[in-house]
Amino acid sequence: MIVGYLGNIVFEVTADKIETFNNASWGGSASYGTHQRHNGTALLEFVGSDADTFSFDIKLSAELGVDVMGEIKKILTAERNGEILRLVIGKKSYGRYRWVIKKHTVKMKYYDRRGNLTAADVSLSLTEYIKG
């Protein structure tokens with residue numbers, strides 16, 4: 001069963017594979033300008049909203065049927081090529097349009113006897129990409 005996806009990175013739970021995320025966090029902020037007034041209190045003005053951010057962790061493990069380096073390569077390719085990705089979790093599409101991977105961190109945990117990475121925790125930071 002597919003839990004969701006970020007572009008071609010699919011989060012799923014099947015009899016053969018478990019690839020899911022945790023620690024998801026979605027945030028946003030507003031932009032304000034401050035107008036200084038002579039001999040008066042500064043005036044605050046709403047000028048718009050900033051792009052939202054979304055972050056989460058992914059546990060990748062060969063023991064759970066995941067091609068660890070294959071999934072890491074998908075993430076690196078999307079980040080380095082500036083790919084614009086749709087984020088869907090369950091039946092909900094997040095954001096006003098799409099997302100870009102702004103930052104990643106890979107914590108390499110386990111290797112097999114040949115030095116192949118068999119387990120890693122990946123943290124992703126996304127920034128909303130608005131159609132202009």
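Every value quoted in this text rests on a predicted model; they were computed, and no experiment measured them.
- Placement of Ile75 and Phe21 within a single hydrophobic cluster is found when ILVMFWY residues are connected by side-chain heavy-atom separations under 4.5 Å, directly or transitively.
- In this view, Tyr129 satisfies the ring pair (Phe, Tyr, Trp, His ring centres under 6.0 Å) rule with no residue, not counting sequence neighbours.
- Of the inter-residue distances, the one linking Tyr32 atom OH with Leu44 atom CG reads 6.5 Å to the nearest 0.5 angstrom.
- Among residues two or more places apart in sequence or in another chain, the side-chain contact (heavy atoms from CB on, under 4.5 Å) test is passed with Ser25 by Ser55.
- Here the shortest heavy-atom pairing between Ala120 and Val68 reads CB-CG1, 4.1 Å.
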For Leu60 and Val106, run side-chain contact (heavy atoms from CB on, under 4.5 Å): C-alpha distance rounded to whole Å, both residues' side-chain angles, the deciding distance at 0.1 Å, then the answer. CA-CA 10 Å; Leu60 303 173; Val106 179; over 6 Å; no
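- Formation of a donor-acceptor pair under 3.5 Å by the Glu128 side chain with backbone atoms of Asp52 is found in this model.
- With rounding to the nearest 0.5 angstrom, the NZ atom of Lys102 is 10.0 Å from the CD atom of Glu79.
- Judged purely by distance below 3.5 Å, without hydrogens or angles, the side chains of Arg98 and Ser93 never pair a donor atom with an acceptor atom.
- Residue His104 forms a side-chain contact (heavy atoms from CB on, under 4.5 Å) with just one option from Ile72, Ile58, Leu124, and that option is Leu124.
- Note on Val66 and Tyr5: separate hydrophobic clusters, where clusters join Ile, Leu, Val, Met, Phe, Trp and Tyr whose side-chain heavy atoms are under 4.5 Å apart, directly or indirectly.
- Lys74 places a side-chain heavy atom less than 4.5 Å from the side chain of Ile9.
- Annotation for Gly33 and Val47: closest pair N-CG1, 4.1 Å, computed over non-hydrogen atoms.
- The CG atom of Asp57 sits 7.0 Å away from the CG atom of Asp121 when rounded to the nearest 0.5 Å.
- When all heavy atoms are compared, the tightest approach of Phe46 to Ala30 is CE1-CB, 3.7 Å.
- Checked against side-chain hydrogen bond (donor to acceptor under 3.5 Å, both in side chains), Tyr110 has no partners two or more places apart in sequence or in another chain.
- Heavy-atom neighbours of Arg80 CZ from other residues, nucleotides or ligands within 6.0 Å: at or below the threshold of 12.
- In plain terms, the two heavy atoms of Thr127 and Ala51 that are nearest each other are CG2-CB, 4.0 Å.
- Between Ser49 and Arg96, the closest heavy-atom pair is OG-NH1, 3.2 Å.
- Taking every heavy atom of both residues into account, Ala78 and Leu85 meet most closely at CB-CD1, 4.1 Å.
- By the neighbour-count criterion of 12 heavy atoms within 6.0 Å, atom NZ of Lys92 is densely surrounded, having more than that number from other residues, nucleotides or ligands.
- Tested against Tyr94, the residues Trp99, Phe56, Trp26 include a single ring pair (Phe, Tyr, Trp, His ring centres under 6.0 Å) partner, Trp26.
- In this structure, CD1 on Ile101 lies 8.0 Å from CD on Glu83, to the nearest 0.5 angstrom.
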Show your reasoning for whether side-chain contact (heavy atoms from CB on, under 4.5 Å) applies to Thr53 and Leu126. CA-CA 6 Å; Thr53 59; Leu126 311 178; over 6 Å; no
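- Using a cutoff of 4.0 Å between basic side-chain nitrogens and carboxylate oxygens, Lys73 and Glu71 are not scored as salt-bridged.
- When the shell of 6.0 Å around NZ of Lys103 is examined, it contains 12 or fewer heavy atoms from other residues, nucleotides or ligands.
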Apply side chain to side chain donor-acceptor pair (under 3.5 Å) to residues Thr118 and Asp112 and explain how you reach the verdict. CA-CA 6 Å; Thr118 60; Asp112 66 15; over 6 Å; no
Would you sort out whether Met1 and Val13 count as a side-chain contact (heavy atoms from CB on, under 4.5 Å), showing the intermediate values? CA-CA 5 Å; Met1 171 180 276; Val13 177; 5.5 Å; no
